[in-house]
Protein chains: 2
Amino acid sequence: MDELHNLHRPEDLRQAFRKYLKRHGIKHTVARRKILDAVLELHGHFEAEQALNLLHEHGHNVGKATVYRTLPLLVDCGILKQVRFEVKQAHYEHAFGEGPHDHMICRRCGRITEFASEDVLELCARIARRHHFHVTGHRFQFFGLCWECSIRCPVAALPLPSETEASHRHTRE
Amino acid sequence: MDELHNLHRPEDLRQAFRKYLKRHGIKHTVARRKILDAVLELHGHFEAEQALNLLHEHGHNVGKATVYRTLPLLVDCGILKQVRFEVKQAHYEHAFGEGPHDHMICRRCGRITEFASEDVLELCARIARRHHFHVTGHRFQFFGLCWECSIRCPVAALPLPSETEASHRHTRE
DNA sequence: ATGCTTGCAAAACGTTTGCACAGGG
DNA sequence: CCCTGTGCAAACGTTTTGCAAGCAT
């Protein structure tokens, strides 16, 4: 894990990746470089396939498997962070720049809002100390209604859109 | 969402499920009853297929699809809680009995430890208030080394087993 | 009697792997 | 030059869906 908290220029990240690869005896190939570049062009939360699509749009012939094999390297290197929401597929976000944060997910509109997590880190440390656990990372998310949705739908009981039609009962997620 | 915090006798849960189904105009069928019973026999964290296997062991001919269609109902009803760890498949646990808790996951041995989350709930509420977000649920997990593993491996840098052999580079996670 | 619910099988989904070839150290 | 990395396609395991038949209301 590199410390990239204050580096966020593409050149710095590319160099960090190169150093990481060399340090681990992994080869620095065109495909890996292209995948890093694609990933740097994506913002917010993105999935593996979005990186792949971007590569194809740019005319780069990179295989899906290579993307899936490279993303874990970028995570391990500290350039990306893996984030999992209520879906099964993995999402990624940049691990540099903006400080540590966590996520609020609106069950109604799906919007994901970030919030800074100093307090979370502190709480995390306190609980971990109590259990003799050595923390290296955490995930804190909460679910509910964002402000806009709670205005449109003032009932506290969270009636999901699918709730209003009986036929959608099984497609809820 | 029903309030089942203090009910944990099988009969109470069965009745709660029946009421939930009726209230939502969903039919109370044998398959659904059997799935509830199977789920009540499972403890800790379990996956959909474990419920299915248990049903088959008991000689009940229930389809895999029906299990997958019923688990969300049990979650919505408040009997089950869906938990996702670093794997892609969904895990479930009982939502009744033991109070609200969160999870610590050891990256080395995979052990999952629970801890009570009063402080987490409070923090959750505080952050949510600041963002005008209406919380209905949360997920708080941290990752790292459990006590036993941190003794076996005193280096703080968390050398994963896969880290020690270069050939495992890509099969990590 | 109506139409929700079922079991089955097959599809869908994101992800992983086996393989022969390409290319970096 | 060797051995790692690649693209392709096929496999993977979990979850979803289409369908005809079954069953609760």
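These numbers come from the heavy atoms of this one structure, side chains and all, not from hydrogens, waters or symmetry mates. Lettering follows sequence order; numbering is per chain, from 1.
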* Asked: Does B:Phe143 reach the side chain of A:Arg139, with side-chain heavy atoms less than 4.5 Å apart?
  -> yes

* Heavy atom of residues 38-51 of chain A under 4.0 Å from DNA chain D: which residues? -> none

* Measure the distance from CG on B:Leu21 to C1' on C:dT6 and round it to the nearest whole Å. => 15 Å

* Qualifying residue for side-chain contact (heavy atoms from CB on, under 4.5 Å) with A:His45, from A:Lys81, A:Gln50, A:His91 -> A:His91

* Quick one: CG on B:Leu55 to NZ on B:Lys64, what's the gap to the nearest 0.5 Å? -> 13.5 Å

* To do: Whole angstrom is fine here: how far is it from CD in A:Gln89 over to C1' in D:dT15?
  => 13 Å

* Round to a whole Å and report the spacing from NE2 of A:His60 to C1' of D:dT6. => 16 Å

* Asked: For the pair made of NZ in A:Lys34 and C1' in D:dG5, what is the distance, rounded to whole Å?
  -> 14 Å

* Structure fact -> Computed from five pairs at either end and rounded to 10 degrees, the angle between the axes of the helix from C:dA1-D:dT25 to C:dG25-D:dC1 is 30°

* Is the shortest side-chain N/O distance from A:Asn61 to OP1 or OP2 of D:dT6 below 4.0 Å? -> no

* To do: Could you state the atom-to-atom distance from CG of A:Leu52 to C1' of C:dT16 in whole Å?
  => 15 Å

* Asked: Between atom CZ in A:Arg32 and atom C1' in D:dG7, what is the gap in whole Å?
  -> 14 Å

* Are B:Ile127 and B:Leu123 side-chain neighbours, meaning at least one heavy-atom pair lies under 4.5 Å? -> yes

* Asked: Looking at residues at least two apart in the chain, or sitting in another chain, which of them share a ring-ring contact (aromatic ring centres under 6.0 Å, His included) with B:His28?
  -> none

* Pairs flagged by side-chain hydrogen bond (donor to acceptor under 3.5 Å, both in side chains) wherever residues 51-61 of chain B is involved - sequence neighbours left out -> none

* For the pair made of OH in B:Tyr68 and C1' in D:dT15, what is the distance, rounded to whole Å? -> 5 Å

* Identify, with sequence neighbours excluded, every residue that meets side chain to side chain contact (heavy atoms under 4.5 Å, CB included) alongside A:Thr29. => A:Lys27, A:Ala31, A:Arg32

* Send over the distance from B:His24 NE2 to C:dT5 C1', rounded to a whole Å. => 18 Å

* To do: Starting at the 5' end of nucleotides 18-25 of chain D, put B wherever the base has a protein heavy atom under 4.0 Å, S where only the sugar-phosphate does, and a dash everywhere else.
  => B-----BS

